[in-house]
Colleague: 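What follows is a single structure, and I will ask about it in a moment.
Chain A is the first sequence line, chain B the second, and so forth, proteins listed ahead of strands; every chain is numbered from 1.
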2 protein chains.
Amino acid sequence: MSKQEPAQSCFPSASTTEACCSLLGRLLEPRFFKALGDGNRIALLSRLAGLCRPCTVSEIACCCPVDLSVVSRHLAILRDAGIVDAQRRGKEVLYTVNYDVLAKTFRQIADAIDTCCSGASSPQRKERENG
Amino acid sequence: MSKQEPAQSCFPSASTTEACCSLLGRLLEPRFFKALGDGNRIALLSRLAGLCRPCTVSEIACCCPVDLSVVSRHLAILRDAGIVDAQRRGKEVLYTVNYDVLAKTFRQIADAIDTCCSGASSPQRKERENG
DNA sequence: TGCTCATTTGCGTAATTATACAAGTATCGG
DNA sequence: CCGATACTTGTATAATTACGCAAATGAGCA
């Protein structure tokens, strides 16, 4: 058992809250968000998404004032996070946005947040569900 | 004009793609994702979300094997990113998850991704829209 | 006012990350 | 095989970030 394990006594109503925590905890992967937490990577991703077709590294790179090797590394980080896919075609490597995975992930998180504490004491939620 | 501005020649079909890029670029704020890009912050947020009520720093902290001051800093980062709200009540400070803002943000991004290249050449999208 | 509790902030340090440049790998065309 | 093109990886460095500890701030209470 890892040392990260929280003390059980910390969870006042473990039976109901733990499932919720772990659901969000499972969906909110740090590596995924870390990949999106850099301005240059967002620029590269936006460009790739905007061009709406598989693109080469060089094509994607020109929206970014950094070395091509840095762009390559950024794209690798996005790939490792499951945000884009890479496929070699001859000399080039074509990167593609994982539109479906991405949209699904964001929507799952939104749903998890919505259902997490439905009927709970959050004022906003009360307002939304009663009004 | 800033030096970050990409060369116009980089955008093959600027009129259609630029709006799309800038929409995603506007929604995908690095600071927001950076805030979610740390394991301890995710743990804190999950715990706060799971407890379904405003919580004090100390209450939230016990899921995290770091100093209380570090927890305070993490919560400040989440607050600055608009993910949680803080409100002082007496000696304590109560933190609350911005459920609505958070869910809305994730859903907006999901929608933007979906509409971004609808009808474009992405194989997945074709499959999804035709099949 | 002085004391205590809860939280934040100052500060130094260790770890991580972004970056440039150089060298390496992979593929294609001659 | 050779050279060119496209990209990735090695390495060093600067910047950022996470962290602990100590001190400061803020609020209640005797």
Colleague: According to side chain to side chain donor-acceptor pair (under 3.5 Å), who are the partners of A:Asp80, at least two apart in sequence or on a separate chain?
Modeller: none
Colleague: Could you give me the CA-CA distance, side-chain angles and deciding distance for B:Arg89 and B:Glu92, then say whether side chain to side chain contact (heavy atoms under 4.5 Å, CB included) is met?
Modeller: CA-CA 5 Å; B:Arg89 197 186 59 182; B:Glu92 305 172 326; 4.0 Å; yes
Colleague: Please report, rounded to the nearest Å, how far the P atom of D:dC7 is from the CG atom of A:Asp67.
Modeller: 13 Å
Colleague: Contact list please: residues 30-37 of chain B against DNA chain C, heavy atoms, distance less than 4.0 Å, in numerical order.
Modeller: none
Colleague: Under 4.0 Å between a side-chain nitrogen and a carboxylate oxygen: does that hold for A:Asp38 and B:Lys34?
Modeller: no
Colleague: When you measure from the side chain of B:Arg31 to the backbone of B:Phe33, do you find a donor-acceptor pair of N or O atoms at a distance under 3.5 Å?
Modeller: no
Colleague: Check ring-ring contact (aromatic ring centres under 6.0 Å, His included) between B:Phe106 and all other residues, then give those that pass, not counting sequence neighbours.
Modeller: A:Phe106, B:Phe32
Colleague: Minimum heavy-atom separation for A:Pro54 and A:Glu59, please, with both atom names.
Modeller: O-OE1, 4.4 Å
Colleague: Within the pair A:Tyr95 and D:dT8, is there a side-chain N or O less than 4.0 Å away from OP1 or OP2?
Modeller: yes
Colleague: Hey, are the side chains of A:Ile60 and A:Leu51 touching, using non-hydrogen atoms and a 4.5 Å cut-off?
Modeller: no
Colleague: Counting any heavy atom closer than 4.0 Å, what does B:Arg41 reach on the DNA or RNA strands: base, sugar-phosphate only, or nothing?
Modeller: sugar-phosphate
Colleague: Would you kindly compare A:Leu68 and A:Gly90 by the position of their nearest DNA chain C nucleotide and give the one closer to the 5′ end?
Modeller: A:Leu68
Colleague: With sequence neighbours excluded, tell me which residues meet side chain to side chain contact (heavy atoms under 4.5 Å, CB included) with A:Ala86.
Modeller: A:Arg79, A:Val93, A:Tyr95
Colleague: Suppose we screen for side chain to side chain contact (heavy atoms under 4.5 Å, CB included). Which residues come up paired with B:Val71, at least two apart in sequence or across chains?
Modeller: B:Leu44, B:Val57, B:Ala61, B:Cys64, B:Val66, B:Leu75
Colleague: Over all heavy atoms of both residues, which pair between B:Asn98 and B:Asp85 is shortest? Give the atoms and the distance, please.
Modeller: OD1-OD2, 3.0 Å
Colleague: Which of residues 69-82 of chain B have a heavy atom under 4.0 Å from DNA chain C?
Modeller: B:Ser69, B:Ser72, B:Arg73
Colleague: Name all residues meeting the side chain to side chain contact (heavy atoms under 4.5 Å, CB included) criterion together with B:Ser58; count only those two or more places apart in sequence or in a different chain, and write none if there are none.
Modeller: B:Thr56, B:Leu68
Colleague: Nucleotide range of DNA chain C contacted by chain B, 5' to 3', under 4.0 Å to a heavy atom?
Modeller: C:dC5 to C:dC11
Colleague: Quick one: do B:Leu28 and A:Val101 end up in the same hydrophobic cluster if we chain Ile, Leu, Val, Met, Phe, Trp and Tyr together by side-chain heavy atoms under 4.5 Å apart?
Modeller: no
Colleague: Under 3.5 Å between N/O atoms: give me all the protein pairs with nucleotides 2-5 of chain D, atom names plus distance.
Modeller:
none

Colleague: Can you list every pair that meets side-chain hydrogen bond (donor to acceptor under 3.5 Å, both in side chains) and has a residue in residues 62-77 of chain A, with sequence neighbours left out?
Modeller: A:Arg41-A:His74, A:Asp67-A:Ser69
